[in-house]
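In this chain, residues are counted from 1 in sequence order. Since the model is a prediction, treat every value here as computed from it, not as a measurement. Start at 1 and go down the list; that is how both ligands and their atoms are numbered. What's counted below: heavy atoms across the whole structure, side chains too, no hydrogens, waters or symmetry copies.
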Amino acid sequence: MTTPKNDLYLKALRGETVSRPPVWMMRQAGRYLPEFMELREKYDFFTRCQTPELASEITVQPLRRFGMDAAILFSDILVVPQAMNIEVEMRPGFGPYLPNPIRTKEDLGRVVVPDVHETLGYVFDAVKMTLEKLDNSVPLIGFAGSPWTILCYSVQGQGSKNFDLAKSLCFSQPEVAHALLQKITDTTIAYLKAKVDAGVHALQIFDSWGGMLGPEDYNEFSLQYMRQIVDALKDLAPVTLFGKGCWFALSDMAETGASALGVDWTCSPRNARYLSKGKITLQGNYDPARLLSPVSRIKADVRQMIDGFGKDRYIVNLGHGILPNIPVEHAKAFIDAVKSYH
Ligand code: CP3
């Protein structure tokens, strides 16, 4: 794998000293971009994911406009359950919908650990095409959902405020839940290894619903499976773990061998450094809704955030994905403020 010309992001992951921290935004390819909306009108969601020409184009759209220090492949965490024989639809205006959710031992019997090259080959083709378009300018991040977060959708069948059905499976039929989590973990490891083989420079695991669990349940139903993923991948590519609402787990996550931890905006930089014992690169944590503030405020906030985390061992990002209603100039102000930091 060749090192990209701009390797700030990889340096920060290795904990090396940098002139300024790198910046990218979670869900940076998305509905706040007019050029994304144009393609969205023509092609449905999974067509965009499954067509390497479209996925690679959407991946580079935000970079053309803003020049972030890393690209993240356009895809979705739900392509993994889809490959495991769990049907997934993306309903406009509603979000993910899984018509046949996994709620019993019998349901679990239908779930397979697939050959990822057969079922997800389009993702690896999209990685290769994106690398050609990037022409070695910046690193490309590959991602997957955490096993817990994938279980949430697979059992609940859709988004939810509390994922009560997913938690109910864990607490009433723990052996079914653990068997499902292990199948997801095995698939995810094979999937991420193949992404690295296709050329991604780094990996991020999105544990978007980790914050639904208390600290003990988090260890049992989420962290132990992410640990397996980190163990299997850490010598192949740097891994970032992002747990939304999971500040309570930062200390344990820092011991997994991950290169970096994502932090959301409910945890102060100081507390995040304290909990992770100052040993690991941190990424985050601007409140995505704060991008609705005036540009002058965004710029001041970014400086304060970098000073709070410190410029080294730090990757500037949002504390969760960018919202569709963010003005493009505000996203630009966020990126520019980091690039002019000195
Ligand atoms: O960062 C990027 O730009 C790469 C693309 C990316 C998407 N989904 C594209 C997408 C990434 C990294 C994801 C991850 C993802 N998907 C997560 C984890 C991150 C997070 O936000 O917590 C989750 C939980 C999902 C599941 C998912 N996919 C939901 C809940 C939705 C519907 C909500 C929404 O934003 O509409 C999606 C659809 C989706 N995935 C869209 C995009 C751009 C919007 C739908 C569309 O374009 O038609």
Student: According to a hydrophobic-cluster definition based on side-chain heavy atoms being under 4.5 Å apart (Ile, Leu, Val, Met, Phe, Trp, Tyr only), do Y286 and L323 belong together?
Tutor: yes
Student: Can you confirm whether the side chains of Y153 and W209 place a donor and an acceptor under 3.5 Å from each other?
Tutor: yes
Student: Who gets closest to atom 5 (C) of ligand 1 by heavy atom: G30, A55, S75?
Tutor: S75
Student: For a quick check under 3.5 Å, do K234 and S259 share a side-chain donor-acceptor pair by atom type?
Tutor: no
Student: Under 4.0 Å from ligand 1, counting heavy atoms only, is it the side chain of M25, its backbone, both or neither?
Tutor: neither
Student: Under 4.0 Å from ligand 1, counting heavy atoms only, is it the side chain of L73, its backbone, both or neither?
Tutor: backbone
Student: Does the pair Q82 and D76 meet the rule for a side chain to side chain donor-acceptor pair (under 3.5 Å), with working shown?
Tutor: CA-CA 10 Å; Q82 210 170 40; D76 200 82; over 6 Å; no
Student: Flag Q28 as yes when one of its N or O atoms lies below 3.5 Å from any N or O atom of ligand 1, and as no otherwise.
Tutor: yes
Student: Nearest non-hydrogen atom to atom 33 (C) of ligand 1 belongs to which of R27, M26, M90?
Tutor: R27
Student: I want to confirm something. Looking only at heavy atoms, which of W209, F206, F143 is nearest to atom 19 (C) of ligand 1?
Tutor: F206
Student: Write out the residue and atom name of the closest protein heavy atom to atom 16 (N) of ligand 1, then the distance separating them to 0.1 Å.
Tutor: D76 OD1, 3.0 Å
Student: Quick one: sort the F221 and H178 rings into parallel, tilted or perpendicular, breaks at 30° and 60°.
Tutor: parallel
Student: Side chain or backbone of R31 under 4.0 Å from ligand 1, or both, or neither, by non-hydrogen atoms?
Tutor: side chain
Student: Would you please indicate if the ring centroids of H201 and Y9 are separated by under 6.0 Å?
Tutor: no
